Amino acid sequence: MIAIIVALITIAVLYLYGTKDYKYWEKKGIKHEKPIPFLGNNARNFLMRMSTTELLVEMYWKYPNEKVVGFYRAFRRELIIRDPEIAKRVLTTDFVHFYPRGINPHKKHIEPMLRNIFFVDGDVWRLLRHV
């Protein structure tokens with residue numbers, strides 16, 4: 001009996017931990033799909049049913065009247081920007097707030113074809129942005 005209670009409490013705690021941040025976009029009033037615990041909206045990517053690009057394009061076109069769309073990549077919250085004016089503001093005026101973008105956080109060497117403003121991070125991104 002105690003083992004069953006401990007198992008139920010463990011499952012409840014894991015569920016609460018796996019869904020604790022999944023109300024973020026709802027509280028902000030931003031449209032998003034309902035996430036799956038521990039996987040977010042990225043489940044089809046984890047299960048290799050869809051590439052990241054296909055998944056993000058699908059989310060982009062799912063809400064045609066929205067300026068931004070919320071997305072959960074496991075526990076990480078991401079924002080898909082659909083409005084060109086917001087994208088322009090992020091890339092020009094507000095770039096200081098988006099400087100550590102986290103696209104290639106562990107890579108010291110970046111392939112030459114990926115050395116462009118969309119894929120580099122940190123100081124290289126800042127340098128290319130100014131160019």
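Computed from a predicted model, the values in this text were never measured in an experiment.
Hydrophobic clustering of Ile, Leu, Val, Met, Phe, Trp and Tyr side chains at less than 4.5 Å, counting indirect connections, keeps Ile30 apart from Ile80. Cluster membership check: Tyr63 shares its hydrophobic cluster with Val57, using side-chain heavy-atom separations under 4.5 Å among Ile, Leu, Val, Met, Phe, Trp and Tyr. Under the 4.5 Å side-chain contact rule for hydrophobic residues, Tyr72 and Val68 share a cluster. Both Met50 and Tyr60 are part of a single hydrophobic cluster, where members link through side-chain heavy atoms under 4.5 Å apart.
For the atom pair Lys28 NZ and Arg77 CZ, the distance stands at 8.0 Å (nearest 0.5 Å). Summarising the geometry, atom CZ belonging to Phe75 is positioned 8.5 Å from atom CG belonging to Leu39; distances are rounded to the nearest 0.5 Å. In this structure, Glu26 CD and Lys34 NZ are separated by 9.0 Å, a value rounded to the nearest 0.5 Å. Interatomic distance, Leu14 CG to Thr19 OG1, rounded to the nearest 0.5 Å: 10.5 Å. Lys88 NZ to Thr93 OG1: the interatomic distance, rounded to the nearest 0.5 Å, is 8.5 Å. Annotation: the span from Lys67 atom NZ to Lys31 atom NZ amounts to 15.0 Å, rounded to 0.5 Å.
One finds a salt bridge joining Glu33 and Lys62 here, because a Lys/Arg side-chain nitrogen approaches an Asp/Glu carboxylate oxygen to under 4.0 Å.
Using a 4.5 Å heavy-atom cutoff, the side chains of Arg73 and Thr52 are in contact. Proximity of Arg44 to Glu58: side-chain heavy atoms (C-beta onward) are separated by under 4.5 Å at one or more points.
Between Leu55 and Phe71, the shortest heavy-atom distance links the atoms CD2-CZ, 3.8 Å. Considering all non-hydrogen atoms of both residues, Val69 and Met59 come closest at CG1-CE, 3.9 Å. Nearest approach of Ala74 to Asn42, heavy atoms of both residues: N-CB, 4.3 Å. When every heavy atom of Ile81 is checked against every heavy atom of Ala87, the shortest pair comes out as CG2-N, 3.8 Å. Contact detail for Asn65 and Arg82: the closest heavy-atom pair is N-NH1, 4.2 Å. Between Gly40 and Tyr22 the shortest heavy-atom distance is N-OH, 3.2 Å.
Around the OH atom of Tyr15, the shell of radius 6.0 Å holds no more than 12 heavy atoms that belong to other residues, nucleotides or ligands. More than 12 heavy-atom neighbours from other residues, nucleotides or ligands sit within 6.0 angstrom of CG on Leu16.
Ring orientation note: the planes of Tyr17 and Phe38 are tilted relative to one another, at an angle of 30° to 60°.
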